[in-house]
Amino acid sequence: MISGLYNFRDTGGTARSDGGTTAVGVLYRSDALNALDTVGEEQVAGTSIGVVVDFRTPQEREAAPDRLPETRTFQAVELPILSGNMVALMQDAMSNPTSETVAEAMASIPTLSELYVDILSHSGADLVRVAQMVAAVNDDEPTGVLVHCTAGKDRTGVAVAIILEAAGAARDAVVADYAQSQANLAGPWADGMLHAMESFGFPITPALQTLATATPPDAISAALEWTDEHHGGPANYLLSAGLTQDELNRLRKRLS
């Protein structure tokens, strides 16, 4: 765990369908890095991370800019994924929190499965870019890839699930990694998020609580099954979005 963060982890050690596990130090995932403290910065500097991919919108980044160690260089990649963004969904109502705008926002709340399919339907090129960065990781210098959004569960969860399974991870292990975020975020992070929403007049319904803080296994399973139905699985999904076969081979080798 990294000091100041709630949902940070190395995806290395995820079970592969061939019986092995994914490589450590290649693909990391996290919640936003704005809460990193001094100890956390030192811990991040001691990892193999060299590339930090931020899926948040410009508004999210401006409100809570990442903190990165200054002791060495990191490549910061801004790759906003607008689909599946809880903040964007609520933004209009929060800027004008009347009973009407709040009611309208509450009426339009999607399920997590719907959000994830929307991400996959509109952000294929972005996920390909991440897969290419992961495939380019080398052991000679810190070039590991850290992906994050705000909670590190939705935009990040979809991206990591697609890349891990495309690289050969077993689906049940991919789903388990996704589901781990709910326990990681439970407590101060989840309570703070729900309190912020409540302060803007949003009633904390079960649907809103799930959308904001939960990672039920069936949500990511539905997204992966969507790639099965429409593309023949996550690997073919990335190929259809622009990843080359050579890049896919290098991704699999890098994470093996």
Side-chain angles (χ1 to χ4, degrees), residues 6-7 29 31-32 55-57 59-60 80-94 97 99-124 126-127 130 147-166 171-187 189-198 200-234 237-238 241:
Y6 293 91
N7 201 18
R29 58 180 297 173
D31 47 325
F55 291 137
R56 298 177 300 166
T57 64
Q59 293 84 355
E60 289 174 278
I81 292 180
L82 301 179
S83 302
N85 177 15
M86 267 290 299
V87 174
L89 181 68
M90 301 296 181
Q91 214 163 39
D92 288 343
M94 286 183 173
S99 58
E100 290 80 9
T101 57
V102 168
E104 184 178 357
M106 292 296 293
S108 65
I109 290 176
T111 66
L112 284 172
S113 298
E114 290 169 341
L115 281 179
Y116 297 168
V117 168
D118 194 48
I119 291 173
L120 291 170
S121 298
H122 297 96
S123 301
D126 296 324
L127 301 186
V130 178
V147 295
H148 80 84
C149 47
T150 294
K153 78 179 188 75
D154 298 322
R155 290 164 286 184
T156 298
V158 170
V160 168
I162 292 295
I163 290 170
L164 283 178
E165 186 167 328
R171 180 161 297 187
D172 59 349
V174 170
V175 171
D177 173 70
Y178 161 84
Q180 178 62 39
S181 290
Q182 182 167 328
N184 292 351
L185 295 170
W189 190 97
D191 293 345
M193 175 62 73
L194 296 175
H195 176 74
M197 290 182 169
E198 199 168 27
F200 281 99
F202 289 94
I204 306 304
T205 63
L208 182 59
Q209 188 165 359
T210 295
L211 195 63
T213 66
T215 51
D218 61 344
I220 200 66
S221 294
L224 293 169
E225 289 164 5
W226 181 89
T227 70
D228 294 339
E229 180 181 353
H230 293 273
H231 299 279
Y237 166 80
L238 290 174

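Along the sequence shown, residues carry numbers from 1.
Distance check: L194 CG to Q209 CD gives 5.0 Å after rounding to the nearest 0.5 Å. Within the model, atoms CG of D218 and CD of E225 stand 9.5 Å from one another, a figure rounded to the nearest 0.5 Å. Note that the CE atom of M197 and the CD1 atom of I204 stand 7.0 Å from one another [nearest 0.5 Å]. Expressed to the nearest 0.5 Å, how far CG of D154 lies from CZ of F55 amounts to 12.0 Å. Note: Q180 CD to L185 CG = 9.5 Å, rounded to the nearest 0.5 Å. Atom CG of residue L112 and atom CD1 of residue I220 lie 9.0 Å apart, to the nearest 0.5 angstrom.
For Y237, the ring-ring contact (aromatic ring centres under 6.0 Å, His included) criterion is met by H231, not counting sequence neighbours. With sequence neighbours excluded, no residue satisfies salt bridge (Lys or Arg N to Asp or Glu O under 4.0 Å) with D31.
Between R29 and the options D177, N7, T156, a side chain to side chain donor-acceptor pair (under 3.5 Å) holds for only D177.
Counting all heavy atoms, side chain and backbone alike, R56 lies closest to A32 at NH1-CB, 3.7 Å. Scanning both residues, P110 and L211, for their nearest heavy atoms gives O-CD1, 3.5 Å. Here the closest heavy-atom approach between residue A212 and residue W189 is recorded as O-CZ3, 3.8 Å. Residues S113 and A219 share a closest heavy-atom pair of OG-CA, 3.4 Å. Between T213 and A190 the shortest heavy-atom distance is CG2-CB, 3.7 Å. Taking all atoms of both residues into account, the shortest heavy-atom contact from P216 to Y178 is O-CE2, 3.2 Å.
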Might you work through the side-chain hydrogen bond (donor to acceptor under 3.5 Å, both in side chains) test for D191 and H195, ending with a clear yes or no? CA-CA 6 Å; D191 293 345; H195 176 74; over 6 Å; no
Let me see the working for L120 and L127 under side chain to side chain contact (heavy atoms under 4.5 Å, CB included), right down to the final yes or no. CA-CA 9 Å; L120 291 170; L127 301 186; 4.0 Å; yes
Dump the intermediate steps for side chain to side chain contact (heavy atoms under 4.5 Å, CB included) on R155 and T150, then the final yes or no. CA-CA 9 Å; R155 290 164 286 184; T150 294; 3.7 Å; yes
Would you sort out whether S121 and W226 count as a side chain to side chain contact (heavy atoms under 4.5 Å, CB included), showing the intermediate values? CA-CA 10 Å; S121 298; W226 181 89; 3.6 Å; yes
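The main-chain N or O of L224 is found under 3.5 Å from a side-chain atom of T227 such that the two form a donor-acceptor pair. Put simply, the side chain of T215 gets close to the backbone of Q182: a donor and an acceptor are under 3.5 Å apart. Distance alone, capped at 3.5 Å, places no donor-acceptor pair between the R171 side chain and the E165 backbone.
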